[in-house]
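Start at 1 with the first residue, then count along the sequence. Reckoned from all heavy atoms, side chains included, excluding hydrogens, waters and symmetry mates. Computed from a predicted model, the values in this text were never measured in an experiment.
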Amino acid sequence: MNCLQILKETETRFAGVSTTPALDAQVLLACCIRRARQFLFAHPEYEPSPAEVDRFRSMAARRMQAEPVAYITGEKEFWSLTFAVTPDVLIPRPDTEILVEEVVRLCRGERKTPLRLLEIGTGSGAISIALASELSRVIITATDLSPKALAVAAGNALNNGVHGAISFVCGDLFDPVGEAYDIIVSNPPYISEEEYDLLAAEVRKYEPRQALVAGPQGTEVHRHMIEGAPPFMNDRGWLALELGAGQRDAVEKMLHENDYCDMVFCRDYAGLERTVLARKR
């Protein structure tokens with residue numbers, strides 16, 4: 001079978017387990033033949049070797065069990081960078097690029113040099129590494145509760161050429177932090193326990209629960225972040241957080257209660273309020 005025939009057959013099979021069956025088939029086949037996805041469109045007549053076909057069938061079988069494509073291939077693109085991902089880390093989402101965009105804008109508007117930035121819950125390291133790739137005058141500390149996640153993040157920093165700009169530290173929230181920062185950034189867990197039960201199987205069955213679920217309300221980690229951040233923020237420092245759909249009112253109330261100011265909420269590509277920036281008064 002050639003690439004075109006394989007893709008058509010696989011797209012039909014994936015239709016029952018994926019909202020993007022054609023894309024999934026293309027990514028997996030490109031991975032198996034070790035070519036860019038564009039090669040499949042330019043050379044639909046290309047016939048993979050028997051070994052490549054066997055590898056593709058094995059990957060396709062995993063996808064039929066709802067395993068995410070990123071875990072099957074072992075990588076995911078974020079901010080035009082390539083990140084290794086394992087089941088120990090959350091798969092980076094395009095919506096999180098909004099948080100990166102806003103922090104980059106914030107940093108470029110600050111005159112202080114160098115800026116000290118702290119990321120809580122770095123996971124794959126996507127946010128810190130994207131920021132380090134864009135900003136030359138920041139010193140970044142990235143924390144995570146999971147030593148396995150930090151190992152993935154450190155490898156990604158090395159592979160993307162920014163390992164010298166980021167220090168990775170293991171610990172929960174602010175426990176391992178002993179300094180003050182100009183900007184604290186985080187994409188914290190923001191799924192409620194009730195919402196978790198309704199998530200797609202590929203998320204619920206494969207991605208790390210502790211990186212997704214915050215508690216009964218979904219905003220419990222936001223509260224810990226908002227209440228715990230001020231002692232670790234320099235004067236007029238910023239807190240930048242990602243939030244879930246419909247959480248603006250609850251998060252804004254927490255920020256007011258803890259005397260933050262200059263709040264800015266930003267929308268994602270779907271028009272949902274996805275990030276908030278707030279300043280220490």
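Note: the hydrophobic cluster containing Leu28 also contains Met1 (ILVMFWY, side chain heavy atoms under 4.5 Å, direct or indirect links). When the side chains of ILVMFWY residues are joined at heavy-atom separations under 4.5 Å, either directly or via intervening members, Ile191 and Met225 end up in two distinct hydrophobic clusters. Hydrophobic clustering places Phe168 together with Val138 (ILVMFWY residues linked when any side-chain heavy atoms are closer than 4.5 Å, directly or through intermediates). No continuous path of ILVMFWY side-chain contacts below 4.5 Å connects Val100 to Ile91, so the two sit in separate hydrophobic clusters. A single hydrophobic cluster is not seen to contain both Leu150 and Val152; linkage of ILVMFWY side chains at heavy-atom distances under 4.5 Å, directly or through other members, places them apart.
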In sequence, state the C-alpha distance, the side-chain angles, and the governing distance for Glu207 and Arg93, and then conclude on salt bridge (Lys or Arg N to Asp or Glu O under 4.0 Å). CA-CA 13 Å; Glu207 298 200 60; Arg93 265 70 168 178; 2.7 Å; yes

Can you list the steps and then say if Thr10 with Leu29 is a side chain to side chain contact (heavy atoms under 4.5 Å, CB included)? CA-CA 10 Å; Thr10 309; Leu29 184 56; over 6 Å; no

Pair Tyr190, Leu241 - check side chain to side chain contact (heavy atoms under 4.5 Å, CB included), show working. CA-CA 11 Å; Tyr190 56 71; Leu241 301 174; over 6 Å; no

CA sep, side-chain torsions, deciding dist, call: Arg34, Glu52, salt bridge (Lys or Arg N to Asp or Glu O under 4.0 Å): CA-CA 9 Å; Arg34 294 178 171 83; Glu52 290 169 337; 5.5 Å; no

May I have the step-by-step check of side chain to side chain contact (heavy atoms under 4.5 Å, CB included) for Phe174 and Leu118, ending in yes or no? CA-CA 10 Å; Phe174 297 100; Leu118 170 68; 4.1 Å; yes

Carefully, step by step, assess Tyr71 and Tyr206 under the rule ring-ring contact (aromatic ring centres under 6.0 Å, His included). CA-CA 9 Å; Tyr71 289 154; Tyr206 292 97; 7.2 Å; no

Kindly indicate, with the supporting measurements, whether the criterion side chain to side chain contact (heavy atoms under 4.5 Å, CB included) is fulfilled by Phe14 and Met64. CA-CA 7 Å; Phe14 283 178; Met64 288 298 295; 3.7 Å; yes

Applying side-chain hydrogen bond (donor to acceptor under 3.5 Å, both in side chains) to Glu102 and Thr275, what does each step give before you reach the verdict? CA-CA 8 Å; Glu102 292 304 313; Thr275 66; 5.8 Å; no

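Side chain of Asn160 to backbone of Val162: no donor-acceptor contact under 3.5 angstrom is found. No donor-acceptor pair under 3.5 Å is formed between the side chain of Arg279 and the backbone N or O of Tyr260. In this structure a side-chain-to-backbone donor-acceptor pair under 3.5 Å is missing from Thr219 to His222. Looking only at distances, a side-chain donor or acceptor of Glu220 sits under 3.5 Å from a matching main-chain atom of Gly218. Between the side chain of Glu11 and the main chain of Ala25, no donor-acceptor pair closer than 3.5 Å is present. Distance alone, capped at 3.5 Å, is enough to place a donor-acceptor pair between the Arg204 side chain and the Leu199 backbone. Distance alone, capped at 3.5 Å, places no donor-acceptor pair between the His163 side chain and the Gly155 backbone. At least one donor-acceptor pair under 3.5 Å links the side chain of Thr12 to the backbone N or O of Lys8. With hydrogens and angles ignored, the 3.5 Å screen pairs no side-chain donor or acceptor of Asp172 with any backbone N or O of Leu145. At distances below 3.5 Å, not a single donor-acceptor pair connects side-chain atoms of Asp88 with backbone N or O atoms of Ala149.
Between Ser192 and Pro216, the shortest heavy-atom distance links the atoms CB-O, 3.4 Å. The nearest pair of heavy atoms linking Tyr269 to Pro94 is CE1-O, 3.6 Å. Between Leu239 and Ala229, the shortest heavy-atom contact is CD1-CB, 4.3 Å. What you find for Asp95 and Arg274 is that their closest heavy atoms are OD2-NH2, 3.9 Å. Glu110 approaches Trp238 most closely through the heavy-atom pair OE2-NE1, 3.6 Å. The two residues Ser18 and Asp24 come nearest to each other via the heavy atoms OG-OD2, 2.6 Å.
Surrounding NZ of Lys280 are more than 12 heavy atoms belonging to other residues, nucleotides or ligands, all under 6.0 Å away. Heavy atoms of other residues, nucleotides or ligands lying less than 6.0 angstrom from NZ of Lys205 number more than 12. More than 12 heavy atoms of other shown residues, nucleotides or ligands fall within 6.0 angstrom of atom CZ in Arg209. Applying the 6.0 Å contact sphere to CD of Glu45 captures more than 12 heavy atoms from other residues, nucleotides or ligands. More than 12 heavy atoms of other shown residues, nucleotides or ligands fall within 6.0 angstrom of atom CG in Asp259. Summarising the local packing, CD of Gln210 is surrounded by 12 or fewer heavy atoms from other residues, nucleotides or ligands at distances under 6.0 Å.
Annotation: the span from Leu243 atom CG to Asp249 atom CG amounts to 10.5 Å, rounded to 0.5 Å. Residue Leu81 holds its CG atom at 13.5 Å from NZ of Lys76, rounded to the nearest 0.5 Å. To the nearest 0.5 angstrom, Cys170 atom SG is 7.0 Å from Asp144 atom CG. Here the straight-line distance linking atom OG1 of Thr82 with atom CG of Asn159 works out to 9.5 Å at 0.5 Å rounding. Note that the CD1 atom of Ile98 and the CG atom of Asn187 stand 12.0 Å from one another [nearest 0.5 Å]. Distance check: Tyr181 OH to Glu179 CD gives 4.5 Å after rounding to the nearest 0.5 Å.
Looking at Glu202 and Arg63, their side chains come closer than 4.5 Å, going by heavy atoms from C-beta outward. Looking only at side-chain heavy atoms (C-beta outward), Arg55 and Pro48 stay at 4.5 Å or farther from each other. Val185 is listed as a side-chain neighbour of Leu99, based on a closest heavy-atom distance under 4.5 Å.
A salt bridge links Glu257 with Lys253: the distance from a Lys NZ or Arg NE/NH1/NH2 to an Asp or Glu carboxylate oxygen falls below 4.0 Å.
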